[in-house]
Structures are given as C-alpha cells and as structure tokens.
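If you read the sequence from its start, that first residue is 1, and numbering goes on from there. Any value given below was found using the heavy atoms of this structure, including those in side chains, with hydrogens, waters and symmetry copies removed.
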Amino acid sequence: MDNPFVTTDWLAAHLSDPNLVVLDGSWHMPNAARNAQADYLAGHIPGAVFFDIDGVADTDSPLPHMLPAPADFAHMVGALGISETMTIVIYDEIGLFSAPRVWWTFKTMGAQNVRILSGGGPQWRAEKRPTEIGLVARPKQKFHASFDADRVADFDTVRARSQDGASQIADARPAQRFHAEVPEPRKGLRAGHIPGSSNLPVSLLTEAGQMKSPEQLATLFAERDIALDKPLITSCGSGITAATLALAAELAGARSVAVYDGSWTEWGSRDDAEIEK
C-alpha cells in the first residue's frame with residue numbers, strides 16, 4: 001500500500017494548504033480517566049478539528065462507536081468541514097492508538113486521501129511545534145460517501161468465518177484478555193476469544209508511538225501463522241485497535257482485510273456466540 005503516514009515536517013509545511021484538514025482523533029478507554037475532547041480544547045495542532053469517535057457513529061446502536069450509515073456519516077463530517085476529496089491528516093494524543101480507527105472509517109466511507117501523522121500529538125509537542133486552544137469551526141462541506149463493504153465485517157460474517165475458516169481472524173487485545181486470564185474492562189462481557197482466532201496484541205505493532213516497519217510487521221504476522229495472502233478479519237475490544245491491526249496487516253502486504261466493527265463488545269455479550277479460552 002501507499003505510505004499512509006506523513007511526518008511532522010510535512011504537516012508543518014502544509015498546514016495552510018486550503019485542501020488540507022487536520023483531525024484530532026483521540027479516544028481513550030472508558031477506565032482511562034481522561035477526556036479526549038477536553039484535552040483537545042486545552043491544546044491541539046493549529047487548525048485541527050476534533051473528531052469524536054463516539055459521536056460520529058451509529059448512536060442508536062447499543063454497541064459503542066459503531067459505523068453510522070454512509071448518509072449519516074456524510075452529513076456529520078460535512079458539518080465538520082470535510083469533503084471526500086480533501087487531504088485528511090489524523091493524529092491522536094497517545095501517538096498511534098485511535099487515529100487508525102478514524103483512518104479506517106474515512107477509507108471505508110470513500111475518502112480519497114487519508115493520512116496519519118507519524119508520532120501523533122506527542123511527537124508534535126516534543127518538537128515544540130505550535131499548538132492552539134479552543135474549538136475550531138470550518139465552513140461546511142459536501143462529503144459524498146462511497147461505502148466499501150469489504151472493509152467491514154459484522155457478527156454473522158465473523159461467526160460464519162470462525163466456523164468455515166474461509167477468513168483468518170486476528171485479535172488485537174492483550175494476551176491475558178484473549179486467554180481469559182483477566183476479566184474484560186467492560187462490564188457484562190464474558191472472557192475468552194472467538195473460536196479459531198489468533199492473538200496479535202496491538203502493543204507489539206508499535207514502538208515509541210510509531211508503527212514498526214513493514215518487514216517487522218510481516219514477521220509478527222508470520223510468527224502467529226497469519227497468512228497475508230489470505231482474507232483476514234481483525235477484532236479487538238470495541239473496534240478501535242482492530243483498525244490498527246488492519247493497518248499493520250495492509251502495511252505488511254495483506255490485500256483483503258476487514259475490521260469486525262462490533263468486536264468483543266458484541267461477541268462477548270451474546271449468548272449465541274461460542275467462546276474459546
């Protein structure tokens with residue numbers, strides 16, 4: 001795939017480009033005691049718009065931050081001042097945590113040029129680059145959505161692939177959660193993993209807030225017997241780090257990767273979902 005990352009030098013040189021939009025896609029685990037939007041208001045990359053992962057979502061779903069319908073997404077991001085033809089650069093304040101989820105969302109909805117800031121907010125700040133406070137409002141735009149269904153897997157698809165093996169399933173959660181050695185952080189979820197799935201914790205994919213090289217990533221997938229030339233579905237707790245795992249797979253050479261949007265929050269809550277430990 002084309003390099004999905006841009007450097008801080010590149011972004012600093014292009015911040016004033018009229019066809020560029022920067023998005024703060026920060027999101028934190030419910031138990032992190034940290035408010036991403038409050039952090040954004042306190043300081044962000046100049047001109048950056050806050051992308052609310054929980055708000056730009058199907059808010060009628062009982063599951064967190066599920067993809068909205070394409071028309072709803074188009075309306076919401078158009079109101080943020082984003083069109084599908086713009087260069088969209090996404091960052092988060094962990095380094096590389098939730099930005100890939102926003103990257104995957106825009107790619108799924110048909111945006112043409114979506115990038116992630118290498119090193120994210122932490123690197124931008126470490127280099128003492130400028131920040132600004134407060135809310136950024138951009139003129140409204142028209143976003144024409146073109147939904148790529150091949151990038152998304154739902155419960156029925158994952159259950160079928162778990163049973164027939166036609167797609168591999170990789171889980172980005174920590175090993176202790178995958179093996180049911182610790183309880184899930186979300187209440188009401190059973191512990192374990194999808195039958196037949198492999199575990200590749202997202203923590204192994206990055207180093208110092210940046211994605212490892214394609215060669216290193218390919219080695220990680222090979223060590224877990226995940227074949228990059230076969231269809232792959234990625235999963236995690238609620239569909240956030242599954243997108244990071246999907247990005248890593250594509251960087252390593254995979255050509256058919258879908259994210260299980262409901263992930264373990266859906267699977268672990270359903271009595272009709274078989275579980276391995």
Side-chain angles (χ1 to χ4, degrees), residues 1-29 32 34-57 65 76-77 80-84 86-109 111-138 143 172 202-203 205-212 236 239-248 250-251 259:
M1 67 183 303
D2 291 337
N3 184 5
F5 294 99
V6 297
T7 65
T8 51
D9 284 342
W10 185 94
L11 182 58
H14 290 82
L15 270 181
S16 61
D17 288 4
N19 200 47
L20 175 80
V21 58
V22 181
L23 302 181
D24 181 338
S26 299
W27 179 90
H28 304 294
M29 292 286 290
R34 188 172 175 183
N35 186 303
Q37 189 163 19
D39 290 348
Y40 162 82
L41 292 172
H44 53 79
I45 293 175
V49 174
F50 183 71
F51 184 92
D52 184 357
I53 286 177
D54 288 321
V56 185
H65 42 253
M76 288 186 277
V77 300
L80 293 176
I82 307 167
S83 78
E84 80 283 358
M86 288 179 169
T87 297
I88 303 167
V89 178
I90 305 150
Y91 74 96
D92 66 57
E93 290 291 358
I94 300 297
L96 189 67
F97 178 59
S98 54
R101 168 72 190 200
V102 184
W103 168 86
W104 170 79
T105 298
F106 274 96
K107 295 284 284 184
T108 301
M109 293 295 181
Q112 297 171 16
N113 188 15
V114 192
R115 307 290 166 172
I116 298 171
L117 179 63
S118 183
Q123 181 162 334
W124 184 270
R125 295 170 189 278
E127 294 169 352
K128 302 189 184 307
R129 297 184 186 272
T131 59
E132 64 180 9
I133 63 173
L135 186 68
V136 172
R138 295 172 53 88
F143 187 101
V202 70
S203 61
L205 306 176
T206 62
E207 190 169 359
Q210 301 197 32
M211 188 72 81
K212 290 181 178 178
C236 64
I240 299 291
T241 58
T244 307
L245 187 53
L247 172 60
E250 291 188 35
L251 283 167
V259 169

* With sequence neighbours excluded, what pairs up with Glu132 under the salt bridge (Lys or Arg N to Asp or Glu O under 4.0 Å) test? -> none

* To do: Provide the closest heavy-atom pair for Gly239 versus Cys236 in the form atom of the first, atom of the second, distance.
  => N-SG, 3.0 Å

* To do: List the atom of Gly25, the atom of Ser98, and the distance in Å for their closest heavy-atom pair.
  => O-OG, 2.6 Å

* Asked: Once you round to the nearest 0.5 Å, how far does OH of Tyr91 lie from OG1 of Thr8?
  -> 13.0 Å

* Validation row: Leu80, Leu23 side chains within 4.5 angstrom (heavy atoms) -> no

* With a 3.5 Å cut-off and no angle check, do the side chains of Asn113 and Thr87 form a donor-acceptor pair? -> yes

Could you list the donor-acceptor pairs under 3.5 angstrom formed between side-chain atoms of residues 48-55 and any protein atom two or more places apart in sequence or on another chain?
residue	atom	partner	partner atom	Å
Asp52	OD1	Asp54	N	3.1
Asp52	OD1	Gly55	N	3.2
Asp54	OD1	His65	ND1	2.8
Asp54	OD2	Trp27	NE1	3.1

* Asked: With no hydrogens and no angle check, is any side-chain donor or acceptor of Trp124 less than 3.5 Å from a backbone partner on Gly119?
  -> no

* Asked: Less than 4.5 Å apart, any side-chain heavy atom of Asn35 and any of Tyr40?
  -> no

* Could you go through the side-chain contact (heavy atoms from CB on, under 4.5 Å) check for Leu247 and Ile116 one step at a time? => CA-CA 11 Å; Leu247 172 60; Ile116 298 171; 3.7 Å; yes

* To do: Find out whether Val77 and Glu84 are in side-chain contact, i.e. whether some heavy atom of one side chain is under 4.5 Å from a heavy atom of the other.
  => no

* State whether the side chain of Ser118 and the backbone N or O of Thr7 hold a donor-acceptor pair below 3.5 Å, judged by distance alone. => no

* Minimum heavy-atom distance between Phe143 and Met109, given as atom pair plus value -> CE2-O, 3.6 Å

* Structure fact -> Correct closest heavy-atom pair for Ala243 and Val259 would be CA-CG2, 4.1 Å

* Between Met76 and Val56, which heavy-atom pair has the shortest distance, and what is it? -> SD-CA, 3.9 Å

* To do: Taking salt bridge (Lys or Arg N to Asp or Glu O under 4.0 Å) as the test, write out the residues that go with Asp17, two or more places apart.
  => none

* **Reported CG-to-CZ distance for the pair Leu11 and Arg129, which is rounded to 0.5 angstrom** => 8.5 Å

* Structure fact -> Here the gap from Leu205 atom CG to Thr241 atom OG1, rounded to the nearest 0.5 Å, amounts to 9.0 Å

* **Partners meeting salt bridge (Lys or Arg N to Asp or Glu O under 4.0 Å) with Glu250 (sequence neighbours left out)** => Arg151

* Output all residues satisfying salt bridge (Lys or Arg N to Asp or Glu O under 4.0 Å) with Arg138, sequence neighbours left out; order by chain, then residue number. => none

* Between Ser26 and Asp24, is any side-chain donor less than 3.5 angstrom from a side-chain acceptor? -> yes

* To do: Give, for atom CD1 of Ile90 and atom CZ of Phe106, the distance between the pair rounded to the nearest 0.5 Å.
  => 6.5 Å

* Where Ile88 and Ala111 come nearest, the two heavy atoms and their spacing -> CD1-CB, 3.9 Å

* Any chance you could measure Gln123, atom CD, to Leu117, atom CG, to the nearest 0.5 Å? => 7.0 Å

* **Selection residues 7-26 - residue pairs positive for ring-ring contact (aromatic ring centres under 6.0 Å, His included), sequence neighbours left out** => Trp10-His14

* Asked: OG1 of Thr206 to NZ of Lys212: how many Å apart, nearest 0.5 Å?
  -> 7.5 Å

* To do: Pick out which of His44, Arg125, His28 makes a side chain to side chain donor-acceptor pair (under 3.5 Å) with Glu93.
  => Arg125

